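Have a look at the structure below before the remarks.
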Amino acid sequence: MKRFAVAFTGPSGSGKTTLVEKISKALVSQREVAIIKHDPKDKATFDRAGKDSHTFSQTGAEVVVSSPTRTTYFSQRNKELEEMIRMFNHFDILLVEGLKALPLPRIAIFRNKIEESYLNCSEAIAIDKTINIDEYNIPKNIDILDLNNTTQIIEWIDQHAKQV
């Protein structure tokens with residue numbers, strides 16, 4: 001089974017989540033899609049206080065909640081990329097939001113301005129019309145994509161995603 005992965009990075013509010021959502025929706029009818037979202041500030045919660053699943057997750061145990069339409073896994077332990085990939089078991093394409101240190105092909109997302117610190121860990125940038133690309137010194141090895149052209153971005157992913 002061939003499985004591929006690509007990552008997305010960028011400053012807060014740049015549109016990373018929106019882009020990953022668009023790409024996932026476009027691909028899910030043709031491919032098995034998996035998503036990993038980095039939560040650097042540890043803000044994500046599992047269910048809400050007073051519910052059994054929240055109570056169980058607060059014990060520090062590994063928790064799986066099963067329902068007729070989904071299975072939810074909540075872990076109190078940090079997992080390396082390889083462990084997370086094994087948890088998904090089967091997928092065609094893995095979309096990773098964040099986790100700049102992972103050795104994956106990466107698209108940096110920008111609106112209004114480019115933060116050049118992201119360029120050293122990215123193979124492409126996706127920008128919209130709020131950015132005048134001529135105002136920046138973008139390295140020649142970085143592809144420039146239209147943030148609003150999902151088809152173009154998927155084509156880039158198909159050409160550059162890393163087999164995992």
Side-chain angles (χ1 to χ4, degrees), residues 1-47 53 57 62-75 77-111 114 118-131 133 138-139 141-164:
M1 158 177 47
K2 290 189 178 183
R3 303 181 307 184
F4 295 90
V6 66
F8 301 84
T9 196
S12 181
S14 61
K16 297 179 299 290
T17 299
T18 300
L19 181 60
V20 169
E21 178 187 20
K22 283 182 183 178
I23 290 168
S24 179
K25 285 180 177 179
L27 293 177
V28 78
S29 66
Q30 311 151 21
R31 306 180 203 181
E32 296 258 348
V33 179
I35 299 172
I36 294 175
K37 161 80 171 113
H38 186 219
D39 178 22
K41 295 180 181 169
D42 204 18
K43 297 185 302 184
T45 59
F46 186 62
D47 213 336
S53 52
S57 73
E62 304 288 279
V63 178
V64 175
V65 177
S66 179
S67 74
T69 59
R70 73 188 75 143
T71 300
T72 305
Y73 171 65
F74 189 78
S75 176
R77 298 179 194 108
N78 183 34
K79 305 258 188 265
E80 296 298 319
L81 178 64
E82 293 78 21
E83 289 178 275
M84 289 185 273
I85 288 171
R86 282 194 303 271
M87 288 170 34
F88 284 119
N89 190 23
H90 177 61
F91 62 87
D92 299 315
I93 185 76
L94 171 64
L95 309 175
V96 177
E97 182 182 324
L99 297 164
K100 282 196 282 191
L102 291 180
L104 293 174
R106 186 169 303 276
I107 300 172
I109 315 305
F110 301 105
R111 290 183 192 275
I114 293 175
Y118 286 91
L119 298 179
N120 64 357
C121 67
S122 303
E123 287 72 31
I125 62 173
I127 59 174
D128 64 9
K129 293 186 187 311
T130 64
I131 293 179
I133 198 70
I138 307 299
N141 63 323
I142 294 183
D143 296 321
I144 301 171
L145 307 172
D146 179 349
L147 181 57
N148 296 309
N149 187 336
T150 305
T151 301
Q152 179 194 44
I153 294 171
I154 290 171
E155 287 170 359
W156 188 92
I157 291 168
D158 286 341
Q159 292 173 10
H160 295 89
K162 178 181 178 181
Q163 189 168 350
V164 292

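Counting from 1, the numbers follow the sequence of the chain as shown. Predicted model, so just to flag it, every value in this text is computed and none were measured. Values below: every heavy atom of this structure, side chains too, minus hydrogens, waters and symmetry copies.
Every ring pair (Phe, Tyr, Trp, His ring centres under 6.0 Å) that Y118 has, sequence neighbours left out, goes to F110. Shown here are the salt bridge (Lys or Arg N to Asp or Glu O under 4.0 Å) partners of E32, two or more places apart in sequence or in another chain: there are none.
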Review point. Between I157 and I93, is a side-chain contact (heavy atoms from CB on, under 4.5 Å) present by the stated rule, with each step listed?
Key: CA-CA 9 Å; I157 291 168; I93 185 76; 3.8 Å; yes

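Expressed to the nearest 0.5 Å, how far CD of E97 lies from NZ of K37 amounts to 4.0 Å. Interatomic distance, I36 CD1 to M84 CE, rounded to the nearest 0.5 Å: 4.5 Å. Taking NE2 of H90 as the reference point, atom CG of D92 lies at 5.0 Å (rounded to 0.5 Å).
Crowding of E80 atom CD: a count of heavy atoms from other residues, nucleotides or ligands under 6.0 Å not exceeding 12.
The aromatic rings of F88 and F91 lie perpendicular to each other, with more than 60° between the two planes, well past the 30° mark.
Between N149 and L145, every side-chain heavy-atom pair lies at or beyond the 4.5 Å cut-off.
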Please list every donor-acceptor pair under 3.5 Å in which a side-chain atom of residues 9-16 meets a protein atom from a residue at least two apart or in another chain.
from: S14; atom 1: OG; to: P11; atom 2: O; distance (Å): 2.8
from: S14; atom 1: OG; to: I109; atom 2: O; distance (Å): 3.4
from: K16; atom 1: NZ; to: G10; atom 2: O; distance (Å): 3.0
from: K16; atom 1: NZ; to: P11; atom 2: O; distance (Å): 3.0

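The heavy-atom pair separating P105 from V6 by the smallest distance is O-CG2, 3.2 Å. When all heavy atoms are compared, the tightest approach of S122 to A108 is OG-CB, 3.4 Å. Across all non-hydrogen atoms, the minimal contact from I35 to L94 is N-CD1, 4.1 Å.
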